[in-house]
**Q** 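Here's a structure for you.
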Amino acid sequence: RKAGDRAVVTYFEQAISILEETGDPAQLAITLDKFSIYHLLHGDPIQALDYTNRALALYAEVPEAGFFHATTLYDQARSLFALRRWDKALDSAMQALSWFEADHGESSYRERITEIYGLLGAIYAHMNDNESQKYAHLLRRQLVKLDPAVASQLEDDLKQLIALSERIT
């Protein structure tokens, strides 16, 4: 890894160590999830999944951390997707979506809901399920409501995740 990447890993590891000592499960879970994203973006969904699983275990101690728990479920779904574990990815993505849609409305978390629609469409497409068309439609409908730069970034992120899943065997 590059020097900058080593520094990032070192800082995350130090933060995790400090948070484990302080006994703050919410902050530790959030940090573990963010470290999972680092690993996923660097092509290591197995390590990413380990960190999301650790984070999700901690959320049992912090039931009021709904947003962060749902976000971690979404991140877990992305790692599972990259590993081609379609059923488990679908389960995590649906759990995340249910929280974001529940009492919070489409406008509150429009970007996150749009990301999840895209992921669900991709999962269903890999499962050869007609639900993929439903989520592709929902994705297109949501993308036009977003700032064009944000919409473009969300589409690029999904393409990168699909490409990562195709490299994993």
Side-chain angles (χ1 to χ4, degrees), residues 1-86 88-93 95-97 99-100 108-123 126 139 143 146-169:
R1 294 187 185 211
K2 300 175 191 167
D5 287 341
R6 282 192 299 275
V8 169
V9 170
T10 298
Y11 290 133
F12 265 113
E13 289 172 345
Q14 289 173 346
I16 290 167
S17 178
I18 291 167
L19 290 168
E20 286 173 337
E21 290 175 19
T22 62
D24 186 341
Q27 288 299 315
L28 177 56
I30 292 165
T31 303
L32 290 167
D33 181 46
K34 298 311 170 206
F35 201 23
S36 80
I37 294 168
Y38 169 86
H39 285 289
L40 184 62
L41 293 175
H42 284 80
D44 190 354
I46 293 171
Q47 190 69 48
L49 186 58
D50 178 58
Y51 282 104
T52 57
N53 289 342
R54 287 175 59 191
L56 288 168
L58 288 168
Y59 285 121
E61 300 174 37
V62 193
E64 67 276 6
F67 170 82
F68 297 107
H69 184 214
T71 296
T72 303
L73 284 166
Y74 168 67
D75 294 332
Q76 180 187 52
R78 294 188 317 155
S79 295
L80 290 163
F81 179 88
L83 293 167
R84 306 175 71 79
R85 297 181 189 167
W86 313 129
K88 290 182 179 186
L90 177 62
D91 184 50
S92 294
Q95 285 182 57
L97 181 63
W99 186 89
F100 285 110
S108 296
Y109 298 106
R110 180 170 284 140
E111 291 174 21
R112 184 50 47 100
I113 289 170
T114 303
E115 289 177 303
I116 296 171
Y117 286 164
L119 180 58
L120 286 168
I123 293 168
H126 280 88
L139 173 64
L143 286 171
L146 298 175
D147 176 276
V150 172
S152 177
Q153 184 63 53
L154 293 181
E155 290 177 306
D156 288 347
D157 290 348
L158 183 58
K159 288 176 189 173
Q160 288 175 6
L161 182 61
I162 291 168
L164 176 60
S165 77
E166 292 168 354
R167 289 193 307 269
I168 303 292
T169 54

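These figures come from a predicted structure and were not determined experimentally.
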**Q** Output, in order, the C-alpha distance, side-chain angles, deciding distance and verdict of side chain to side chain contact (heavy atoms under 4.5 Å, CB included) for H126 and F81.
**A** CA-CA 10 Å; H126 280 88; F81 179 88; 3.7 Å; yes

**Q** Looking at CD of Q76 and CG of D50, how far apart are the two atoms once the value is rounded to the nearest 0.5 Å?
**A** 11.0 Å

**Q** For F12, which residues count as a ring pair (Phe, Tyr, Trp, His ring centres under 6.0 Å) partner, sequence neighbours excluded?
**A**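 Expected list: F35.
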
**Q** Can you name the residues that form a ring pair (Phe, Tyr, Trp, His ring centres under 6.0 Å) with F67, not counting sequence neighbours?
**A** F100, Y109

**Q** What is the minimum heavy-atom distance between G43 and L164, and which atoms define it?
**A** CA-CD1, 3.9 Å

**Q** Mind checking the CG-OG spacing from L73 to S92? Nearest 0.5 Å is all I need.
**A**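 Rounded to the nearest 0.5 Å, the CG-OG separation comes to 5.5 Å.
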
**Q** Does the side chain of I37 reach to within under 4.5 Å of the side chain of K34, using non-hydrogen atoms?
**A**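 In contact.
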
**Q** For residues A55 and A29, report the shortest heavy-atom separation together with the two atoms involved.
**A**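 Taking A55 first and A29 second, the nearest heavy atoms are CB-O, 3.3 Å.
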
**Q** Measure the CD1-CG distance between I116 and L154 for me, rounded to the nearest 0.5 Å.
**A**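 So the gap between those two atoms works out to 11.0 Å.
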
**Q** Check whether any side-chain N or O of H69 sits under 3.5 Å from a backbone N or O of A65 as a donor-acceptor pair, and report yes or no.
**A** no

**Q** Could you give the side-chain donor-acceptor pairs of residues 13-20 under 3.5 Å, partners two or more places apart or in another chain?
**A**
residue, atom, partner, partner atom, Å
E20, OE2, R54, NH2, 3.2

**Q** Side chains of D156 and Q160: is there a donor and an acceptor less than 3.5 Å apart?
**A** no

**Q** Could you give the distance from CG (L28) to CD (E61), rounded to the nearest 0.5 Å?
**A** 9.0 Å

**Q** Does the T10 side chain pair with the main chain of R6, one donor and one acceptor, at a distance under 3.5 Å?
**A**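 Yes; judged by distance alone, with no hydrogens or angles, the pair exists.
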
**Q** Check the pair I162, K159 against side chain to side chain contact (heavy atoms under 4.5 Å, CB included), reporting the backbone distance first and the verdict last.
**A** CA-CA 5 Å; I162 291 168; K159 288 176 189 173; 5.7 Å; no

**Q** Counting only heavy atoms not in L41 (residues, nucleotides, ligands), do more than 12 fall under 6.0 Å from its CG?
**A**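 Yes, CG of L41 has more than 12 neighbouring heavy atoms, counting only those of other groups under 6.0 Å.
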
**Q** Output the distance between atom CG (L49) and atom CZ (R85), rounded to the nearest 0.5 Å.
**A**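 Taking CG in L49 and CZ in R85, the distance rounds to 6.0 Å.
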
**Q** Under the side-chain hydrogen bond (donor to acceptor under 3.5 Å, both in side chains) test, which residues partner T31, sequence neighbours left out?
**A**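 Per chain and number, T31 pairs via side-chain hydrogen bond (donor to acceptor under 3.5 Å, both in side chains) with no residue.
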
**Q** Assess whether side chain to side chain contact (heavy atoms under 4.5 Å, CB included) is satisfied between Y51 and H39, documenting all intermediate values.
**A** CA-CA 9 Å; Y51 282 104; H39 285 289; 3.6 Å; yes

**Q** Which pair of non-hydrogen atoms, one from A82 and one from P45, has the smallest distance, and what is that distance?
**A** CB-CB, 3.7 Å

**Q** Contact between T52 and L32 at the side-chain level, heavy atoms closer than 4.5 Å - yes or no?
**A**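 They are not in contact (no side-chain heavy atoms under 4.5 Å apart), so the answer is no.
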
**Q** Return the minimal non-hydrogen interatomic distance between G118 and L158, and the atom names on each side.
**A**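 Reported closest heavy-atom pair: O-CD2, 3.6 Å.
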
**Q** Does L139 reach the side chain of L120, with side-chain heavy atoms less than 4.5 Å apart?
**A** no

**Q** Would you sort out whether L97 and Y74 count as a side chain to side chain contact (heavy atoms under 4.5 Å, CB included), showing the intermediate values?
**A** CA-CA 8 Å; L97 181 63; Y74 168 67; over 6 Å; no

**Q** Suppose we screen for salt bridge (Lys or Arg N to Asp or Glu O under 4.0 Å). Which residues come up paired with D33, at least two apart in sequence or across chains?
**A**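 So D33 forms no salt bridge (Lys or Arg N to Asp or Glu O under 4.0 Å) with any residue.
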
**Q** More than 12 heavy atoms of other residues, nucleotides or ligands under 6.0 Å from NZ of K88: is that the case?
**A**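 It does not: K88 NZ has 12 such atoms or fewer within range.
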
**Q** Could you give the distance from CD (E115) to OG1 (T71), rounded to the nearest 0.5 Å?
**A** 9.0 Å

**Q** Can you list every pair that meets salt bridge (charged side-chain N to carboxylate O under 4.0 Å, His left out) and has a residue in residues 62-77, with sequence neighbours left out?
**A** D75-R78

